[in-house]
Amino acid sequence: MLVKTVGPEYANIMIVGEAPGEQEDAQGIPFVGQSGQLLDKILGQAQLSKHECILTNVAKIRPPGNQIGYYFENKAKTIPKPVLAEHIEMLRQDILSYKPNIIIALGRTALWALTGQPAISTARGFITESTLVPGVKVLPTYHPRYVTENWEMLFPVIMDIRKAVANSHKPDLVRDTRVLMSSPTKGEFMDFLRHAETCEKIAVDIETTSPGSHIDILGIATSPNEAMSFTFIRNRKPRFSNPRDEVDIWAAVARVLNTVPTIMHNGTYDSAVLTLNHGIFCRGYKDDTMVAAHVCWPEVPRSLSFLSSVCINVPSWKHLQTTMPAWYNASDAANTFGVYEVIWKEILHGGHLPTYQFEMAQVEVANYLHLKGVKVDRDVQARLIAENISATKKSGTTLAEAFGHEINFNSPKQMAQLLYNDLGLPPQYKRRKSVSEPRKVTTDKEAIIRLSRMSDNPLLDLIVQHKKEIKLKSFLDIELSPTGRVHTNYNITGATMAHQKKAIVIDDDENYKSFGRWSSSKSIILPYGSGNLQNIPRVAREMYVPDAGCWFVQADYKQAEAVIVAYIIGDEKLKDMFKQSFGKSTKYCADNNLDVHKITAAMMFGIPVDEVTPTQRKVGKTIRHATSYSAGPKVVADKLGVPLKIAKQHLNQYLAASPQLQIWHKRIQEELASTRILTNLFGRKHKFLKKWGDSLFRSAYSYIPQSTVGELLNRAMVTYAEKYNTQYPLCLQLHDAMYVASPPDAVNLRAAKHALYECMMIPITYKEETFCVDVDFKVGPNWKDLTETDLDS
DNA sequence: GATTTTACGTA
DNA sequence: CGTACGTAAAATCT
């Protein structure tokens, strides 16, 4: 049936959906189905009711199978069939007769019909003018049906509706009243810099070209409504023939950035470039909108564009990056200022100030480690590469001879052909996210190891070894900087890169989450090394060395996640063990059976701790590890190399002996059900927006231990950097460990260890109980050959 | 040529 | 049905 437009005559907000669904079709009223119910909730969050709005759809009749594609001539859904064109004309008439002030376009089809724009993801959140009925405002947002599949988009949709409500009271189209100056003369820019020096706050943004991260454009905003950007390099050519002119400007810029409190968006990048290329330390850089967003809304995207769309009311500008780069840059600076003002209120209102300040305190250390880099011993590197080449050749030749032809072991296709056709082995399947998904064949390491166990073909193990050697090459065969160093970008707010893009994205990532740990990625300023320094295999670590005349001192939190878990689940036996072993040497712990895995095994098998055999200990270790994060019997079976049935028995034995973990998992599920928010032991909150189910639960189980340990280390590191970095400088961060450099004599090593220990002993309180996580030390001349040492030895 | 999938290294 | 992270190469799409 034809579903008509409904709503009161006086309404000034019109909501346009895509097409009627089953319920709408049956009742003849728009938005009465499932997505209508969600719409009610969303509108409620913006103090709006459906009954105050004009409701309609682009297509007035339900398409077969709810497929909107039915109404289009082409796959891209840009050429409507005559019937849809008629419906759109009806929509136009409705707009003319109801005269809404603003139209909320729900989803791609509504956006397209009202404005001709094809992409909802870029248009979302920015008010534009309708092309269907010129003069009418359109605010595009996601369709509720899309939100039900992508819950992380609920937040922006609510913000969009609020923006629509706020704008529905304004008579005109949004006029852009900002003053964005993009082509000043040198004199005008110098005047502006003098003006900026008198401001209480400014926002700054730079545009750079790679390689070299040269600054093309620098923009400064003195308020959300006033910004000026200056172009230094255009089309790779400097603007001034006399370098003197540029020097003057940089001197003035340096004065401003070192004295005026500065806001940036992902300023770790900007300030690193300014420091490295122009010697400007940006001492005024105190606030960052990306860090602020990470603290307030860790689960949402934090590109400046996204944040602007939810925080402020400006026209979309990201598409002007190439055509009007200076204007774009001025917009960035002004909008950074605007976003800051909104998020700052949220920081205060939401009680996020301490966490925000702690995040900002990490910026300096992260930048220091980024720019300093780590030295690589070229001789060791050459030796390791040579060894790797000969080993790879040897295993490769053996395999090629055995199979009668060359095989690309990196190719899943060729591997599948080899394993499941040529060798006729039983296909192995990947684990699925849910049972409903189709099974997919895999040829990964685990699969090959499983096959090796069944078939006794020694070539399978050789394949695994060969693949490892191929992989190792990528860690060894790396480019070093002219001074023989590698650099990594430490990201305090988690990931900074969109998945597998050609160009590394600096402040524009849409796919962002973070569990409070640092991540490490390729530096675009100093692109030397393998990029990520947190996943270097042990073998390759040999070539990483401290600066001349020093050794590495490694300090890592001992079994940190296990300690945290023991306290949260209230496992008294384990807590007792951790207390007894605190500060004790490895030998003492071994002699006195102070060993988590032995204790686990003893509990499982119901025997005294000193009777646990090495095999039983291995079972205990695997089971504890597996159960902590809710792994299943298949993983345990693979790890231990035992049949599934035995693995299940082991798991049941453990769960029977130690029920606390399951009780805790239940508790986590209840917390997720009531608020979807979990808080780590330092008060950092994370909202879990993924689809309800086991995958969500497991992610949640790992959150508290993982993020608590990450934050523990980062707190220690900030304190250490402030107090001791000049004496024993920091070199590396590895989630639960940090590395510093010290002269290798006993006195210095001991002092370095004590400095680390002092900063790392941070008491953690949980349920009125306070504890510390113990620290282990290792020292050595390179990153691989480290030997254990006690605090005082 | 761009995007998605597969695999794999660390904590 | 461990999770978190980043990178490389192959496979697939357009």
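Chain naming here is simple, since letters A, B, ... match the order of the sequence lines and numbering starts at 1 in each.
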Engineer: Round to the nearest Å and state the distance from A:Leu672 atom CG to C:dT3 atom P.
Structural biologist: 15 Å

Engineer: Could you give the NZ-to-P distance, from A:Lys522 to C:dA8, as a whole number of Å?
Structural biologist: 6 Å

Engineer: Mind telling me whether A:His686 and A:Tyr703 have parallel, tilted or perpendicular rings, with 30° and 60° as the class edges?
Structural biologist: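 Geometry flag for A:His686 against A:Tyr703: tilted rings.
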
Engineer: Using a cut-off of strictly less than 4.0 Å, decide whether A:Ser699 has a side-chain nitrogen or oxygen near OP1 or OP2 of C:dA4.
Structural biologist: yes

Engineer: With a 4.0 Å cutoff (strictly under), does any side-chain N or O of A:Asn408 reach OP1 or OP2 of C:dA9?
Structural biologist: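 No, A:Asn408 has no side-chain N/O under 4.0 Å of OP1/OP2 on C:dA9.
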
Engineer: Return the value, rounded to whole Å, for the distance between atom CD1 of A:Ile704 and atom C1' of C:dA4.
Structural biologist: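 Taking CD1 of A:Ile704 and C1' of C:dA4, I get 15 Å after rounding.
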
Engineer: Are the charged groups of A:Glu711 and A:Arg715 less than 4.0 angstrom apart, N to O?
Structural biologist: yes

Engineer: Identify all pairs in which a protein N or O lies below 3.5 Å from an N or O of nucleotides 12-14 of chain C, and state each distance.
Structural biologist:
none

Engineer: For A:Thr209, check side chain to side chain donor-acceptor pair (under 3.5 Å) against everything at least two apart and list the hits.
Structural biologist: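 A:Thr209 satisfies side chain to side chain donor-acceptor pair (under 3.5 Å) with A:Asp216 once adjacent residues are dropped.
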
Engineer: Out of C:dG6, C:dT7, C:dA11, which nucleotide sits closest to the side chain of A:Pro412?
Structural biologist: C:dA11

Engineer: Over all strands shown, is A:Asp444 touching base, sugar-phosphate only, or nothing at heavy-atom distances under 4.0 angstrom?
Structural biologist: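 The answer is sugar-phosphate, as A:Asp444 gets under 4.0 Å only of primed atoms, P, OP1 or OP2.
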
Engineer: With sequence neighbours left out, write down each residue that passes side chain to side chain donor-acceptor pair (under 3.5 Å) with A:Tyr739, or none if nothing qualifies.
Structural biologist: A:Gln554, A:Trp783

Engineer: Does the ring center of A:Tyr701 lie less than 6.0 Å from the ring center of A:His665?
Structural biologist: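 Yes.
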
Engineer: Write down the protein N/O and nucleotide N/O pairs, taken from nucleotides 9-11 of chain B, whose separation is under 3.5 Å; answer none if there are no such pairs.
Structural biologist:
unit_1	atom_1	unit_2	atom_2	d
B:dG9	OP2	A:Lys445	NZ	2.9
B:dG9	N2	A:Asn535	ND2	3.2
B:dG9	N3	A:Asn535	ND2	2.9
B:dT10	O3'	A:Arg541	NH2	3.0
B:dA11	O3'	A:Leu734	O	3.2
B:dA11	O3'	A:Asp736	OD1	2.4
B:dA11	O3'	A:Asp736	OD2	3.3
B:dA11	N3	A:Arg517	NH2	3.2

Engineer: At under 4.0 Å between heavy atoms, what does A:Thr627 touch on the DNA or RNA strands: base, sugar-phosphate, or nothing?
Structural biologist: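 No contact.
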
Engineer: Quickly work out the A:Leu472 CG to C:dT7 P distance and round it to whole Å.
Structural biologist: 18 Å

Engineer: Centroid separation under 6.0 Å, is that true for the rings of A:Tyr490 and A:His370?
Structural biologist: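 Ring centres of A:Tyr490 and A:His370 not closer than 6.0 Å.
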
Engineer: Taking only side-chain N and O atoms of A:Ser411, does any of them lie within less than 4.0 angstrom of OP1 or OP2 on C:dA9?
Structural biologist: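 Looking at the OP1 and OP2 atoms of C:dA9, neither is under 4.0 Å from any side-chain N or O of A:Ser411.
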
Engineer: So does A:Ser630 get a side-chain nitrogen or oxygen closer than 4.0 Å to the phosphate oxygens (OP1/OP2) of C:dG2?
Structural biologist: no

Engineer: Which part of the nucleic acid does A:Thr443 contact within heavy-atom distance under 4.0 Å: base, sugar-phosphate only, or nothing?
Structural biologist: sugar-phosphate

Engineer: Could you work out, with side chain to side chain donor-acceptor pair (under 3.5 Å) as the rule, every residue matching A:Gln706, not counting sequence neighbours?
Structural biologist: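 In terms of side chain to side chain donor-acceptor pair (under 3.5 Å), with neighbours along the sequence ignored, A:Gln706 is linked to no residue.
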
Engineer: C:dT7 P sits how many Å from A:Ile478 CD1, rounded?
Structural biologist: 13 Å

Engineer: Just to be sure I understand the rule, does A:Pro705 reach a base, reach only the sugar-phosphate, or reach nothing, if contact means heavy atoms closer than 4.0 Å?
Structural biologist: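 No contact.
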
Engineer: Where the side chain of A:Val635 is concerned, which of C:dC5, C:dG2, C:dT7 is the nearest nucleotide?
Structural biologist: C:dG2

Engineer: Output all residues satisfying salt bridge (charged side-chain N to carboxylate O under 4.0 Å, His left out) with A:Asp556, sequence neighbours left out; order by chain, then residue number.
Structural biologist: none

Engineer: Any side-chain N or O of A:Ser707 less than 4.0 Å from the OP1 or OP2 oxygen of C:dA4?
Structural biologist: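 For A:Ser707, the contact criterion (side-chain N or O under 4.0 Å from OP1 or OP2 of C:dA4) is not met.
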
Engineer: Check salt bridge (charged side-chain N to carboxylate O under 4.0 Å, His left out) between A:Asp638 and all other residues, then give those that pass, not counting sequence neighbours.
Structural biologist: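 Listed in chain order: A:Arg450.
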
Engineer: Starting at CD of A:Glu446 and ending at P of C:dG2, how long is that distance when rounded to a whole Å?
Structural biologist: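 Atom-to-atom, A:Glu446 to C:dG2, this comes out as 10 Å.
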
Engineer: Output every pair passing salt bridge (Lys or Arg N to Asp or Glu O under 4.0 Å) with a member in residues 467-476 of chain A, not counting sequence neighbours, ordered by first then second residue.
Structural biologist: A:Lys473-A:Asp477

Engineer: Tabulate below the donor-acceptor pairs under 3.5 Å that side-chain atoms of residues 648-659 of chain A make, not counting sequence neighbours, or state none.
Structural biologist:
unit_1	atom_1	unit_2	atom_2	d
A:His650	ND1	A:Gln653	OE1	3.4
A:Asn652	ND2	A:Lys648	O	3.4
A:Ser658	OG	A:Gln660	OE1	3.0

Engineer: What residues form a salt bridge (charged side-chain N to carboxylate O under 4.0 Å, His left out) with A:Asp774, not counting sequence neighbours?
Structural biologist: A:Lys558

Engineer: Quick one: on DNA chain C, does A:Ala700 or A:Gln414 contact a more 5' nucleotide (nearest heavy atom)?
Structural biologist: A:Ala700

Engineer: How would you list, by chain and number, every residue that makes a side chain to side chain donor-acceptor pair (under 3.5 Å) with A:Arg108, sequence neighbours excluded?
Structural biologist: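 If we apply the side chain to side chain donor-acceptor pair (under 3.5 Å) test to A:Arg108, skipping adjacent residues, there are no hits.
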
Engineer: Report yes if a side-chain nitrogen or oxygen of A:Lys440 is closer than 4.0 Å to either non-bridging phosphate oxygen (OP1 or OP2) of B:dT6; otherwise report no.
Structural biologist: yes

Engineer: Rounded to whole angstrom units, what separation is found between the CH2 atom of A:Trp518 and the P atom of C:dG6?
Structural biologist: 14 Å

Engineer: In dot-bracket notation, what is the pairing pattern of DNA chain C, taking Watson-Crick (N1-N3 plus N6-O4 or O6-N4) and G-U wobble (N1-O2 and O6-N3) contacts under 3.5 Å, with [ ] crossing and | for other strands?
Structural biologist: ..|||||||||||.

Engineer: Measure from CD on A:Gln428 to P on B:dA7 and round the result to the nearest Å.
Structural biologist: 12 Å

